[in-house]
Amino acid sequence: MTSIKLSNVILPAFKECHKVIKAGRYLKHVFKGGRGSGKSSHIAIEMVLDIIKYPITGLCVRRVGNTLQESCYEQIKEAISILGLDNKFKLNLNPLRITYLPRGNTIIFRGADDPAKIKSIKVSKFPIARMWIEELAEFKVEEDVDIIEKSILRAKLSKGIKYKFYYSYNPPKRKQSWVNKKYETQFLPNNIYVHHSTYLDNTYISEEFIEEAKEVKTKNINKYDWEYMGKPIGAGVVPFGNLVFRKITDEEIHYMDNIRQGIDWGYATDPFHFGRWHYDKTRRTIYAIAEIQQVKLSNREASEKIIYQGFNDLEMICDSAEPKSIAELQTYGLKAYGAKKGPGSIEHGEKWLDDLDAIVIDPERTPKTAAEFENIDYQINRDGNVVPRLEDKDNHSIDCCRYAFDNDMTQNKTVVRKFKGGV
């Protein structure tokens, strides 16, 4: 076999990635970033190395099948040449397939035009243990990717072989894209490794590409940040620049006595959300203490959960759009009231939150609240202009928070009262 020195082949920015992949700690390896970063080229190299080392099959997927030849196929073909292994592989165009000749295992290519069709892939001798989904952001919903993943993960592998999935994409502009919400976060599952790269990490990038990037940076910094730096800029403005994600200890909570509580209604696909907060007026800081979020949660069940956790000790301000629900909570012994709404109340509430010195959220105590505050973005109108109002999607904890601090926002001096009524 041809002798190569991988350190001369793998870009410096990806050397640590190669070590991580080799260690086999993670199932999913996510490569995101801007144009020309070299992420796809690196994955192609990893796929080739995997097929050589293990008696397995590799699967390359794109949402649209007819884009595979000019992307994944050509990338792997190039990786084979870079590694000096042209004589070890057989290339086939119809169907698309690359075969490692010494063993006979292959890299196959499939479109996910219908994700369910990938379930029918059968490989008798060499199990599919490697998968590369190129341009992950092309998938409109995460469920389509889940179907493909579960189809591959069915078989039990031989000892010493692990499943490894690779994903590559340029982050969509919208922060609320499912891809951004899943991977542009500090709160990742333990089986996911994420690497971000840009053209500045690619030592083989052309001078013309660099000059083009500089030109765009001069003329439109937002476009540059999105296309070349791989940042999901959204509306180009961060709604809450005062977010602080950290652990809130039990000792801290013990001394928190300025409590606010809110409820945002939901039932079917739209979740009910209850939030409990502390307001440090001196430091102009609010703390997320607890949350209850669930779909198909009846008012009775929600009341039981609130009472079980002892959160019926104080009043709670609810979305006033459902007076019957508020009245029902009161019959269960909860001191529930409707928020005071009016023209501009939503924008005023969002501005009040943004004007605080800090919004402190513990991702372990309140994971839904953390994710929604982190991923929210401003609305954009038909003309592409930013509207000073948050997206009306996945903002249940934010609406709940606005209701909880309704009296504070309207400068009402009503004090939160202890509720001593029975249940």
Between [X] and [Y], is any side-chain donor less than 3.5 angstrom from a side-chain acceptor?
X	Y	value
Lys231	Asn222	no
Thr218	Glu215	no
Ser397	Glu372	yes
Asn299	Lys324	no
Tyr228	Glu212	yes
Thr106	Arg97	no
Asp50	Tyr166	yes
Thr285	Asp280	no

Does this structure show an ion pair linking [X] with [Y], if we count only N-O contacts that are shorter than 4.0 Å?
X	Y	value
Lys39	Asp201	no
Glu149	Lys28	yes
Arg284	Asp355	yes
Glu291	Lys368	no

Non-hydrogen side-chain atoms of [X] and [Y] separated by less than 4.5 Å:
X	Y	answer
Leu353	Arg402	yes
Tyr73	Cys60	no
Arg260	Asp408	yes
Thr369	His273	yes
Glu16	Lys19	yes
Cys318	Tyr337	no
Phe139	Ile133	yes
Thr249	His254	no

Kindly indicate, with the supporting measurements, whether the criterion side-chain hydrogen bond (donor to acceptor under 3.5 Å, both in side chains) is fulfilled by Ser81 and Asp86.
-> CA-CA 6 Å; Ser81 294; Asp86 294 273; 2.8 Å; yes

Side chain of [X], backbone of [Y]: donor and acceptor closer than 3.5 Å?
X	Y	answer
Arg103	Ile56	no
Thr57	Phe126	yes
Ser151	Ile147	yes
Trp265	Asp319	yes
Thr198	Leu200	yes
Asp362	Ile248	yes

Please find the pair of heavy atoms, one from [X] and one from [Y], that lie closest to each other, and give the distance.
X	Y	answer
Phe109	Leu96	CD1-O, 3.6 Å
Glu252	Lys247	OE1-O, 3.8 Å
Ala370	Phe187	CB-CE1, 4.0 Å
Glu184	Lys32	OE2-NZ, 2.9 Å
Arg62	Cys72	CG-SG, 4.2 Å
Ile161	Ala129	CG2-CB, 4.2 Å

Can you label the angle between the [X] ring and the [Y] ring as parallel, tilted or perpendicular, going by 30° and 60°?
X	Y	answer
Phe31	His42	tilted
Tyr100	Phe89	tilted
Tyr279	Trp352	perpendicular
Tyr167	Phe165	perpendicular

So Trp178 and Lys182, side chain to side chain contact (heavy atoms under 4.5 Å, CB included) or not? Walk me through it.
-> CA-CA 6 Å; Trp178 74 266; Lys182 190 174 182 70; 4.0 Å; yes

Please lay out, stage by stage, how Val194 and Ile192 fare under the test side chain to side chain contact (heavy atoms under 4.5 Å, CB included).
-> CA-CA 7 Å; Val194 176; Ile192 297 177; 3.8 Å; yes

For salt bridge (charged side-chain N to carboxylate O under 4.0 Å, His left out), just list the numbers for Asp357 and Arg283, CA-CA rounded to whole Å, side-chain angles, deciding distance to a tenth of an Å, and then say yes or no.
-> CA-CA 7 Å; Asp357 286 349; Arg283 295 175 177 81; over 6 Å; no

Please say which of Ile286, Val360, Asn258, Thr366 ends up in a side chain to side chain contact (heavy atoms under 4.5 Å, CB included) with Trp277.
-> Ile286

To the closest 0.5 Å, what do you measure between [atom1] ([X]) and [atom2] ([Y])?
X	Y	atom1	atom2	result
His195	Ile21	NE2	CD1	9.5 Å
Met131	Ile107	CE	CD1	14.0 Å
Asn170	Glu227	CG	CD	9.0 Å
Glu46	Ile76	CD	CD1	12.0 Å
Met316	Ile326	CE	CD1	11.5 Å
Leu83	Glu78	CG	CD	10.5 Å

Could you go step by step and tell me if Thr185 and Glu374 meet the side chain to side chain contact (heavy atoms under 4.5 Å, CB included) rule?
-> CA-CA 8 Å; Thr185 177; Glu374 184 186 38; 2.8 Å; yes

Should Glu135 and Ser71 be marked as a side-chain hydrogen bond (donor to acceptor under 3.5 Å, both in side chains) after you check the CA-CA gap, both sets of side-chain angles, and the distance that decides it?
-> CA-CA 10 Å; Glu135 299 296 350; Ser71 55; over 6 Å; no

Asp250 and Arg365: salt bridge (charged side-chain N to carboxylate O under 4.0 Å, His left out), yes or no, with the steps?
-> CA-CA 11 Å; Asp250 291 339; Arg365 289 184 183 275; 2.4 Å; yes

Check the surroundings of atom NZ in Lys90: do more than 12 heavy atoms from other residues, nucleotides or ligands lie under 6.0 Å from it?
-> no

Under the side-chain hydrogen bond (donor to acceptor under 3.5 Å, both in side chains) criterion, do Asn105 and Lys125 qualify, and how do the steps go?
-> CA-CA 8 Å; Asn105 53 328; Lys125 192 173 182 181; over 6 Å; no

Go through the steps for Ile398 and Phe373 under the test side chain to side chain contact (heavy atoms under 4.5 Å, CB included), then give the verdict.
-> CA-CA 7 Å; Ile398 298 171; Phe373 268 88; 3.7 Å; yes

